[in-house]
Amino acid sequence: MHLGPGKFYRPLSKTCSPLNSAILPPYRRFTLPRCSPILPANGMASQPLSSPIPVCRERVVNVQRGEGPLVCVFANQTKLLLPRYLAAKVTIGDEITFPIPVADAAEGEIYITKNGSSGENRFLYQAPIGYVSQPKQDKRDQHFVSAEVRSGNLGFGTIFLPCDVLREYFYRLPRATARIDHPTLYEVLRIPASASPSELRVAFKLRDLELRTAGGPHRERVVLERAFNIVGQPELRACYDALLADPEAPALFPYGGFGSLFVVGEPSRDGRTFFARRILAFSPDLRRRRFHVPLRRCDFYDDRALCRDMRRKLEFWLDPAVLHTLWDRTWNQWKHLLGTKIEVEGTFVQCGKYRKRREQWELVTWETALPSRLGVKLPLDFHLQLESAKTAYHGFGQYSRALDQIRLCLERHAVERAELQRMCSELRIPGDFDVAQISWRPDYDSFFYRQLSRRARRIYLFREEYIFDVEKAVVVETPQLGHATYVFAKPRSMDTFLALYTKITKDDIRRNRDNAAERLGFLGRVIHGTNPRAWLKEVRQRIGEGIDFAASMAE
């Protein structure tokens, strides 16, 4: 059973994004046709390997080029619609093999056998890839990398890529037979190779502005952006500098792979590996993101900073030009006292590496920002917060012995904020010192503390916790992701509540050992979770509702 004459294998509706060329040369993303699950009579493929899902393999007998998509007519008179940019790649007599998509099937895999061609230009293969390995040496002492084919349905599991191919496509370093005067990426940016990260960013912005103002061709802007996305990332810049010094040095696949790869080469004898001889196009998996992240999660170096957000699985580099401020390594000493959150907006690509955990290798993935598509906004009071954090850090060092005495007292008793201020005054600590910082930890989030402190009549410090006496309840808070907020009914006597609370543990409360939860009037706890706003909404309900302890225990 087959599709009748004139029927179409229609292309995917997924559109191409202009961001797909942000890292690489300006080839548009290649898309697969979507087909009916009904196969032509001779459409089941036998090469490269049989597939667990239906596979079409047909020879092109006619190519219809027009204003719209490229129309390939097969021998059984069915038709395949392909994007116009493939017009130069498909001709009459070519054989096209592709899986027929079904529910949740992988997209993007296609295999073209050129008619009349021989050698390395005969076979073209496009597939979605995952992790690309670090460079290795083969038996001829030549470096290569291997790309994993994601959900391959044509039999291929790996694409083999010699490092020469990576040098030519990603790093614009031609083979030895090419012209000697090929411009380097630094020359594209019009800046010396010794430039700092900030100088690289400024050079990219200025050159991009020049091209926009002069109405330069889009391709030049794409080449400029790709150059900055290579030398603007420290690991890739180190790789590129090594290649400039030694063309035989191993080359990294930028950002670890993860995207859609279109290559020319030939398959292995068993049909499981495709040996690429040239990259025609690569489109990374991209995602636009906008979020806020605490500045204390950055590790500051002399000319750049590495920001990590483990909850979002993000890691990206900042330079003084994008952060609009200068820093030095001493910021790492007091950054935990800085409550500033920066607003980050950018285009992120997926990265990954294999790491050994418990005697097994696991693929760890995260996302990182393209340098050319990264923007950062600082709060208006940023510099005031900087000075406040520096002053607090200096105070901790100057009055460390006195503060150690106070912390020793907090290990045994809960002390109200006004009493702590009196104790600080007796120990000759300046009155402008914020006593809340005494219990503060580097990974505390000021959001949780601020929301509760503005609602509290009195605040107590106990060990590493804050106890808030609000209008209708008592809230115990450790302002840290992964912890929970404990809510208690309003006691008749706060002193009695504190005397009991400081003698028991959180586990005693959760398990109600010796009726601890009942005696304290425990109403429940609110997990911080990944959405602080959802946490705040639930806490407000908890402290505002007239819930008695018996009802909460029954839940």
Side-chain angles (χ1 to χ4, degrees), residues 336-337 339 388-389 391-393 395-396 398-480 483-509 516-526 528 535-536 539-540 542-544 549:
H336 62 281
L337 300 172
S388 176
T391 302
Y393 180 73
F396 277 127
Q398 186 176 3
Y399 304 104
S400 58
R401 293 185 180 181
L403 294 174
D404 286 343
Q405 295 181 33
I406 296 176
R407 292 191 183 101
L408 185 61
C409 177
L410 293 177
E411 284 295 317
R412 300 187 300 268
H413 307 286
V415 182
E416 202 264 330
R417 182 169 182 160
E419 178 63 18
L420 284 173
Q421 291 172 339
R422 187 190 63 79
M423 294 171 61
C424 289
S425 177
E426 291 179 352
L427 294 171
R428 296 185 178 180
I429 298 176
D432 59 352
F433 181 79
D434 185 4
V435 295
Q437 298 286 348
I438 296 174
S439 299
W440 203 257
R441 295 292 179 265
D443 53 353
Y444 280 5
D445 193 328
S446 59
F447 174 82
F448 302 104
Y449 175 83
R450 288 198 312 268
Q451 294 299 326
L452 291 171
S453 63
R454 68 180 56 171
R455 293 172 169 82
R457 296 177 174 181
R458 288 177 293 179
I459 301 176
Y460 300 81
L461 274 66
F462 175 62
R463 295 177 182 170
E464 299 179 358
E465 299 177 340
Y466 297 89
I467 303 174
F468 299 92
D469 180 11
V470 297
E471 182 180 0
K472 298 181 180 180
V474 173
V475 182
V476 178
E477 173 63 35
T478 302
Q480 184 180 26
H483 282 258
T485 303
Y486 284 70
V487 182
F488 302 87
K490 188 76 169 181
R492 293 183 178 178
S493 169
M494 196 65 187
D495 291 338
T496 303
F497 173 88
L498 295 173
L500 177 58
Y501 178 79
T502 55
K503 291 180 174 59
I504 61 176
T505 66
K506 294 284 184 63
D507 192 58
D508 293 334
I509 296 173
E518 192 172 351
R519 287 185 289 159
L520 286 171
F522 179 55
L523 298 176
R525 59 182 187 148
V526 182
H528 288 165
W535 165 85
L536 178 59
V539 166
R540 292 179 64 181
R542 292 274 185 176
I543 65 177
F549 177 70

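Values below: every heavy atom of this structure, side chains too, minus hydrogens, waters and symmetry copies.
- A side-chain donor-acceptor contact under 3.5 Å links Thr485 and Glu477.
- The neighbour count for Arg492 CZ, taken as heavy atoms of other residues, nucleotides or ligands under 6.0 Å away, does not exceed 12.
- In this structure Tyr449 satisfies the side chain to side chain donor-acceptor pair (under 3.5 Å) test together with Arg417, sequence neighbours excluded.
- Surrounding CZ of Arg441 are more than 12 heavy atoms belonging to other residues, nucleotides or ligands, all under 6.0 Å away.
- Gly339 and Ser446 get closest at one heavy-atom pair: O-OG, 3.9 Å.
- Looking at every heavy atom in both residues, Arg525 comes nearest to Tyr486 through NH1-OH, 3.7 Å.
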Sequence neighbours left out, cut at 3.5 Å: what donor-acceptor pairs do the side chains of residues 405-412 make with other protein atoms?
from, atom 1, to, atom 2, distance (Å)
Arg407, NE, Ile438, O, 3.1
Arg407, NH1, Asp404, OD1, 3.3

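- Using a distance-only test at 3.5 Å, with no hydrogens or angles considered, no donor-acceptor pair links the side chain of Thr478 to the main chain of Glu465.
- For the atom pair Leu536 CG and Leu452 CG, the distance stands at 8.0 Å (nearest 0.5 Å).
- The backbone N or O of Gln451 lies less than 3.5 Å from a partner atom in the side chain of Arg455, making a donor-acceptor pair.
- The aromatic rings of Tyr501 and Phe497 lie parallel to each other, with less than 30° between the two planes, well short of the 60° mark.
- Legend: residues meeting salt bridge (charged side-chain N to carboxylate O under 4.0 Å, His left out) with Arg458, ordered by chain and number and at least two apart, are Asp469.
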Audit row: Val526, Arg542, side-chain contact (heavy atoms from CB on, under 4.5 Å) steps and yes/no: CA-CA 9 Å; Val526 182; Arg542 292 274 185 176; 4.0 Å; yes

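- Here the NZ atom belonging to Lys506 is positioned 9.5 Å from the CZ atom belonging to Phe522, to the nearest 0.5 angstrom.
- Phe462 meets the ring pair (Phe, Tyr, Trp, His ring centres under 6.0 Å) test with no other residue; sequence neighbours excluded.
- Here NE2 of His336 is found 7.5 Å from OH of Tyr393. Values are rounded to the nearest 0.5 Å.
- Counting all heavy atoms, side chain and backbone alike, Ser439 lies closest to Tyr444 at O-CE2, 3.4 Å.
- Of all non-hydrogen atoms in Val487 and Ala473, the two that sit nearest each other are CG1-CB, 4.2 Å.
- Of the inter-residue distances, the one linking Ile429 atom CD1 with Met423 atom CE reads 9.0 Å to the nearest 0.5 angstrom.
- Between the side chain of Tyr466 and the main chain of Ala436, a donor-acceptor pair closer than 3.5 Å is present.
- Side chains of Phe396 and Trp440 form no contact here, defined as non-hydrogen atoms less than 4.5 Å apart.
- Summarising the geometry of Gly395 relative to Leu403, their closest heavy-atom pair is O-CD1, 4.4 Å, with the distance given to 0.1 Å.
- Here the shortest heavy-atom pairing between Pro491 and Val474 reads CD-CG2, 3.5 Å.
- Atom-to-atom distance recorded for Leu427:CG and Arg401:CZ is 13.0 Å, nearest 0.5 angstrom.
- To the nearest 0.5 Å, atom CD1 of residue Ile467 and atom CZ of residue Phe488 are 8.5 Å apart.
- Listed by chain and residue number, nothing satisfies the ring pair (Phe, Tyr, Trp, His ring centres under 6.0 Å) test with His483 (two or more places apart in sequence, or in another chain).
- Applying the salt bridge (charged side-chain N to carboxylate O under 4.0 Å, His left out) test to Arg457 and every residue at least two apart in sequence or in another chain returns nothing.
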Val415 vs Leu461, side-chain contact (heavy atoms from CB on, under 4.5 Å): CA-CA, chis, key distance, verdict: CA-CA 5 Å; Val415 182; Leu461 274 66; 5.7 Å; no

